[in-house]
Amino acid sequence: MPVPEKSVLLTFDDGHKNNYIEAYPVLKKYDFHAVEFLITNRNKDKTVPYNTDTNQYLSHQEIEAASDVFEYASHTNSFHNLDNGTPYLISKSLPEIQEDVETSIELIGDTNALAYPYGAYDEQTMEAMDVAGIDFAFTVQAGYVQPGDDMLQIHRNSVRPYNTIEDFKNVMEIN
């Protein structure tokens with residue numbers, strides 16, 4: 001579908017609590033929206049105080065509270081793991097991948113998008129995505145989306161905490 005020139009899709013991976021505490025208020029202030037890819041088995045029933053010393057995940061209450069800014073999509077249910085150094089989406093069988101992704105979709109609700117954990121995928125993974133009802137799958141490969149791109153191999157440009165504003169401008173091609 002045609003989109004306006006210079007369009008940007010903001011995405012966040014994993015469902016970390018810091019996205020709710022730090023990013024959510026800024027996005028809301030500027031009326032921005034974003035996609036948060038959740039590792040659904042890491043979301044908590046109980047909301048706990050924010051602690052920057054630990055790697056915390058969103059509670060169900062925080063997910064609901066931020067749904068005016070964030071759209072939620074899958075980062076799998078329990079497959080954001082490694083099997084002897086190999087990501088689960090590469091090392092597990094098609095039925096196992098399909099079941100995990102379908103569980104994640106069921107827990108999130110209305111979604112047809114996924115970000116591959118560790119950016120790892122292969123032909124079998126893409127087949128499992130198709131069978132599970134995923135129409136849009138995001139990689140960690142740098143690049144810009146163009147008409148005609150494979151929607152199960154969508155490129156994204158990363159901005160990390162250590163990046164400077166100049167790095168960000170370069171990613172966004174702002175001069």
Side-chain angles (χ1 to χ4, degrees), residues 3 6-82 87-89 100-121 129 132 134-145 151 153-174:
V3 294
K6 298 185 180 183
S7 294
V8 173
L9 175 63
L10 299 171
T11 63
F12 295 79
D13 285 2
D14 301 340
H16 292 289
K17 186 179 184 92
N18 65 351
N19 294 336
Y20 176 68
I21 300 297
E22 306 291 341
Y24 171 77
V26 175
L27 294 167
K28 187 168 180 72
K29 177 181 177 179
Y30 291 102
D31 197 28
F32 288 169
H33 296 268
V35 177
E36 176 84 33
F37 293 105
L38 300 173
I39 307 167
T40 52
N41 78 338
R42 296 184 188 174
N43 298 127
K44 306 299 177 195
D45 289 329
K46 182 179 175 188
T47 301
V48 296
Y50 184 46
N51 180 349
T52 59
D53 294 334
T54 64
N55 194 15
Q56 296 174 293
Y57 291 89
L58 292 167
S59 70
H60 297 288
Q61 181 181 8
E62 291 163 330
I63 290 168
E64 179 62 32
S67 65
D68 61 329
V69 167
F70 285 107
E71 177 180 328
Y72 299 103
S74 178
H75 206 29
T76 72
N77 179 55
S78 63
F79 273 26
H80 198 294
N81 288 298
L82 301 172
Y88 276 20
L89 286 183
D100 184 85
V101 171
E102 287 174 347
T103 298
S104 178
I105 291 169
E106 183 177 313
L107 291 169
I108 293 167
D110 185 28
T111 187
N112 62 348
L114 173 138
Y116 297 115
Y118 310 105
Y121 66 99
M129 296 305 112
I134 295 295
D135 297 320
F136 307 98
F138 293 78
T139 72
V140 295
Q141 296 169 344
Y144 300 95
V145 179
M151 292 295 98
Q153 299 181 70
I154 300 171
H155 294 231
R156 295 189 291 170
N157 293 307
S158 296
V159 177
R160 304 290 183 174
Y162 52 80
N163 289 130
T164 66
I165 192 66
E166 292 305 315
D167 295 333
F168 176 75
K169 287 178 180 179
N170 288 335
V171 166
M172 298 304 298
E173 296 183 351
I174 300 172

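All values derive from a computational prediction rather than experimental measurement.
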So with a 6.0 Å cut-off around OH of Y30, is the heavy-atom count from everything else above 12?
-> no
So, T164 side chain and E166 main chain: donor-acceptor pair closer than 3.5 Å or not?
-> yes
Rounded to the nearest 0.5 Å, how far does OG1 of T11 lie from CD of E71?
-> 11.5 Å
Minimum-distance pair of heavy atoms, taken over all atoms of Y50 and Q56 | CD1-OE1, 3.4 Å
Is it the case that Y121 and Q153 place a side-chain donor and acceptor less than 3.5 Å from each other?
-> yes
Among T40, N43, L38, N41, find the residue that satisfies the side-chain contact (heavy atoms from CB on, under 4.5 Å) test when tested with L107.
-> T40
Point-to-point distance, once rounded to the nearest 0.5 Å, from OG1 of T111 to OH of Y72 = 12.0 Å
By side chain to side chain donor-acceptor pair (under 3.5 Å), which residues pair with E102, not counting sequence neighbours?
-> Q98
Are the side chains of L9 and F138 in touch, meaning some heavy atoms are under 4.5 Å apart?
-> yes
Given the options N19, D14, N18, H16 meets side chain to side chain donor-acceptor pair (under 3.5 Å) only with D14
Rounded to the nearest 0.5 angstrom, the CD-CG distance for E106 and N77 is 9.5 Å
In this structure, CG of L89 is separated from CG of L114 (nearest 0.5 Å) by 7.0 Å
In Å, rounded to the nearest 0.5 Å, how long is the span from CD of Q141 to CZ of R156?
-> 11.0 Å
Does I63 reach the side chain of I108, with side-chain heavy atoms less than 4.5 Å apart?
-> no
If the plane angle is over 60° it's perpendicular, under 30° parallel, otherwise tilted; pick one for Y88 and F79.
-> perpendicular
Would you find more than 12 non-hydrogen atoms of other residues, nucleotides or ligands less than 6.0 Å from N51 atom CG?
-> yes
Would you sort out whether N112 and F136 count as a side-chain contact (heavy atoms from CB on, under 4.5 Å), showing the intermediate values?
-> CA-CA 6 Å; N112 62 348; F136 307 98; 3.5 Å; yes
Does the separation of the ring centres of H33 and F70 fall below 6.0 angstrom?
-> no
Taking all non-hydrogen atoms of both residues into account, name the closest pair between S59 and T47 and its distance.
-> OG-OG1, 2.6 Å
Heavy atoms only: give me the nearest E62-Y57 pair and the separation to one decimal.
-> OE1-O, 4.3 Å
Beyond-backbone contact of D100 with S78, side-chain heavy atoms, under 4.5 angstrom = yes
Under 3.5 Å, is there a donor-acceptor pair linking the side chains of D68 and Y24?
-> yes
Return the minimal non-hydrogen interatomic distance between L27 and A34, and the atom names on each side.
-> CD1-CB, 4.1 Å
Closest contact, heavy atoms only, A73 versus A113 | CB-O, 3.4 Å
H80: which of F37, Y116, Y118 passes ring pair (Phe, Tyr, Trp, His ring centres under 6.0 Å) | Y118
Heavy-atom closest pair, residues A115 and D13 | CB-OD1, 4.0 Å
For A142, does its backbone N or O pair with a side-chain atom of H155 as donor and acceptor, under 3.5 Å?
-> yes
